[in-house]
Structures are given as C-alpha cells and as structure tokens.
Peer 1: 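Quick one: the structure is below, questions incoming.
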Amino acid sequence: MLPRGVNPAEAGLIIANGGIAAFPTETVYGLGGDATNPDAVSRIYSAKGRPGDNPLILHIANPGDFEKLANSPPQYAWDLINAFWPGPLTVVANKKPELLPWLGAHPSRTANTIGIRMPSHPMALEVIRASGCFVAAPSANKAGTPSPTKVEHVVTDFSDGSIDYVLDGGPVEVGVESTVVDVTGPVPVILRPGAVTSEMIAEVAGIPGQARDDGMSAPRAPGMKYRHYAPKAPMTLIVGNQTDIAEYISAKTTGQKIGILANINISGAICLPLGQTPEIIARNLYANLRHFDILEVDIIYAQAPAEDGLGLAIMDRMKKAAEGRVIHV
Ligand code: TXA
Ligand code: MG
C-alpha cells in the first residue's frame, strides 16, 4: 500500500525528514527527495531502478535559487529562465565548486554540471517550499516504463513499499517531460525536447546548437540512452497519411490482440484515439501506452504525429517507446 493524500505540506515534511514523496508537476509526476541527503538520493535511485550514471534534476521554487547552484551562467541562461520559469524547462548549468560534488547525481558519483527546474504546478511549488530543500525529482516511474501522468500510474509502479507517499494532484497538464537545455556553452543546446520548443528557445536566446551524441563519448543527457517510455507489447510507429496507415494495419490483423493508437478505427482491434492537437496527444500519450499494458495487447501500432513544435517531443518519446521500429507507408 502506498500512502496517498492531497496535502502538499505533508509531502514537503516527508521530504524534509529524508523520505521520498511523489508529487504532481505540470509535465509528469516526480519522485521527490532531499537532494543534499545521500540516503534519500540513494533511495530514489533504488526505488526507480535507475542506473547510477543518470543524474537527477533539482527542483526549486524560487528563480533566485538558480544562482546558489549554477556557476557563472551566461546571460542567455537568465533570459531563458525569465521567459520560461516557472514552467517545463530544465536548465543544465556548470555547478558551483563549493557544492557537494555529487549534488544532482548518485552519492557515489561526481558531476560538474547540474540540471535545475522551477515547475509551475502550484502543488509542486508548495511541496518544494514546505520541504525547505532542493528537491531532487526524476519522473515517478520505474526506469523504462512510461512516465506517470496520473496518480494511478505512480500507485501502479510504487506499491512495493519503496517510497513513502504520493500527493494526488489529478491528471497533469503537459504530459511529456520538461525540455532539457544545456547552457554550459556559447549557445543553448537542447538535450531533450519538450513543451518549450526549439523555436521558443531560439526567439529568446538565439538558435540552439546541435546535441552531439557520437556514440563514443558519454551522452550529454545520460537518461536519453536508456530504453524509455516503453509499453510491454512491442510497438511500431507508422508515418504516413491516415488512409495509408489504416490500410497497412488492416492487412496485419492476424490472430493477435492488436492495440492501435491512431485517429482511425479498425474493427477487430483495440483502438485508442491519438488526439487531434499536439497538446492533447502529449497529455494522453503515456496514459494510452499504459492502458495497452492493462489490456494486455500483443502488439501496438501507433500513428506518428507531425514532427514540429511540441510534435518533436512527442515523436522523440514515441520513437523510444517503439525502440526504433518506425515504418513509412
Ligand atoms: O519534467 C520533468 O523534467 C520531470 C518532472 C518530475 O520535473 N522530471 C524528469 O526527470 O523527467 P528525469 O530524471 O526522468 O529526466 C531528467 C533528464 C534525464 O534524461 C537526465 O539524464 C538529464 O535530464 N539530466 C539531468 N541532469 C543532467 C546533467 N547534469 N547533465 C545532462 N543531463 C542531465
Ligand atoms: Mg524519466
């Protein structure tokens, strides 16, 4: 049983006392602990089953706290903060040298940079304020599963006693994780696309540079290299117009239980609507993927949305959920 409530002060107190409390943000639910407490940080890693080389982001309730963590951030980092905080933007900055070397990372690791985010969800802000901490919070899912966008998803993943509490804030608004932007160089570099789009960043801070993952050096956002967001059944992402997609899937109907995430209906299959706008697609994406798990489908076909603006973040998550199985019709 996972204790559950609606009082942010309760979650904040648990975090202040070294416990782990899940709480809603506008993007996805987070798994919060005191970032300066090595035991709490270790518990976050073990509860999630998260690899130790994948750092955590720190959540703050006051933009001024950025200054306590980031070492000489460039002006454009402040411009981004002023434009998009509170909101779905994580800023990866050089870390102040006097901070705990592992702050934002696993206690056995060191990192020179730190990811920082000020969420806009009022309950998240209340939790952070009530805790009095820098709140380390990855998404509140087991590593590899879709991020939680409803309290039920947190309950499904953490009824094993590995965390202390979940704060129920209802379904989230955005549905995909924050944009992660690296501000350690001369221009911003987007490490993970999100609701703050590259166009929005370009307008405020100049054209973002290219994130380079050459496969040789460590990836810039370690989390991006792991299997992610995946439903249990194998998923194939289909790019094309609706008629061609419907034709392709209809030809596939065998004896299997087929799940379809698309704005089409095919008899004999379980069809969940993808949604008509990027905002609606993003908000419902992970709940739809998790719903296929509950329905125990054998195979999933999903329609690819347009890949611009927020669609870029949606496609990033859908491609990972499909583990690279993308076909064009
Ligand atoms: O919307 C969100 O960002 C949610 C909510 C709860 O705030 N949090 C979230 O955390 O998605 P997480 O840990 O699941 O994803 C954070 C991403 C990972 O890909 C991680 O590798 C990257 O940010 N990251 C964190 N610190 C970093 C750093 N110092 N350098 C590069 N990448 C970093
Ligand atoms: Mg995550």
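Positions are given from 1 along the sequence. Just so you know, these numbers use all the heavy atoms, side chains as well, and skip hydrogens, waters and symmetry mates. When a ligand or atom number is given, it counts from 1 through the structure's own listing order.
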Peer 1: Tell me which part of L31 gets within contact of ligand 1: side chain, backbone, both or neither, using heavy atoms under 4.0 Å.
Peer 2: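 It is neither part, as no heavy atom is under 4.0 Å.
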
Peer 1: Pick, from A22, G30, P148, G104, the option with the minimum heavy-atom distance to atom 6 (C) of ligand 1.
Peer 2: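 Nearest option to atom 6 (C) of ligand 1, by heavy atoms: G30.
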
Peer 1: For ligand 1, is A137 a contact, meaning one of its heavy atoms is under 4.0 Å away?
Peer 2: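 A heavy atom of A137 does come that close to ligand 1.
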
Peer 1: Please report the number of protein N, O or S atoms that lie less than 2.8 Å from the Mg ion (ligand 2).
Peer 2: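 There are 1 of them.
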
Peer 1: Decide whether an N or O pair under 3.5 Å exists between S178 and ligand 1.
Peer 2: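 It does: an N or O of S178 is found under 3.5 Å from an N or O of ligand 1.
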
Peer 1: Tell me, which pairs form a ring pair (Phe, Tyr, Trp, His ring centres under 6.0 Å) where one or both residues lie in residues 7-30, sequence neighbours left out?
Peer 2: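 Listed by first then second residue: nothing to list.
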
Peer 1: D65 and N62: side-chain donor and acceptor closer than 3.5 Å?
Peer 2: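 D65 vs N62: no donor-acceptor pair found between side chains.
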
Peer 1: Checking the N or O distance criterion of under 3.5 Å, is ligand 1 in contact with Y29?
Peer 2: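 No, no N or O pair falls under 3.5 Å.
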
Peer 1: Does even one non-hydrogen atom of K95 get within less than 4.0 Å of ligand 1?
Peer 2: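 So K95 does not count as touching ligand 1.
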
Peer 1: Is it the case that ligand 1 has an N or O less than 3.5 angstrom from some N or O of E177?
Peer 2: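 Checking ligand 1 against E177, no N or O pair falls under 3.5 Å apart.
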
Peer 1: Given K48, R50, R192, which one has a non-hydrogen atom that is nearest to atom 11 (O) of ligand 1?
Peer 2: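 Heavy atom nearest to atom 11 (O) of ligand 1 belongs to R192.
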
Peer 1: Counting only heavy atoms closer than 4.0 Å, does ligand 1 sit against the backbone of T113, its side chain, both, or neither?
Peer 2: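 Both the backbone and the side chain of T113 come within reach of ligand 1.
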
Peer 1: For F66, enumerate each residue passing the ring-ring contact (aromatic ring centres under 6.0 Å, His included) test, keeping only those at least two apart in sequence or located in another chain.
Peer 2: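 ring-ring contact (aromatic ring centres under 6.0 Å, His included) list for F66, sorted by chain: W78, W85.
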
Peer 1: Apply the side-chain contact (heavy atoms from CB on, under 4.5 Å) test between H153 and each candidate in V151, T149, T156; give the one that qualifies.
Peer 2: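 Per the side-chain contact (heavy atoms from CB on, under 4.5 Å) rule, the option paired with H153 is T149, out of V151, T149, T156.
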
Peer 1: Tell me which pairs pass side-chain hydrogen bond (donor to acceptor under 3.5 Å, both in side chains) where either residue lies in residues 169-180, with sequence neighbours left out.
Peer 2: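 Residue pairs with at least one partner in residues 169-180: T90-S178, S147-E177, E177-Y286, E177-R317, S178-R192.
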
Peer 1: Taking D157 as the fixed residue, which of R290, K142, K48 is the one that meets the side chain to side chain donor-acceptor pair (under 3.5 Å) rule?
Peer 2: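 Of the listed residues R290, K142, K48, the side chain to side chain donor-acceptor pair (under 3.5 Å) partner of D157 is R290.
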
Peer 1: So which heavy atom on V204 is nearest to which on A83, and how close?
Peer 2: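 Looking at all heavy atoms of both residues, the shortest contact is CG2-CB, 3.8 Å.
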
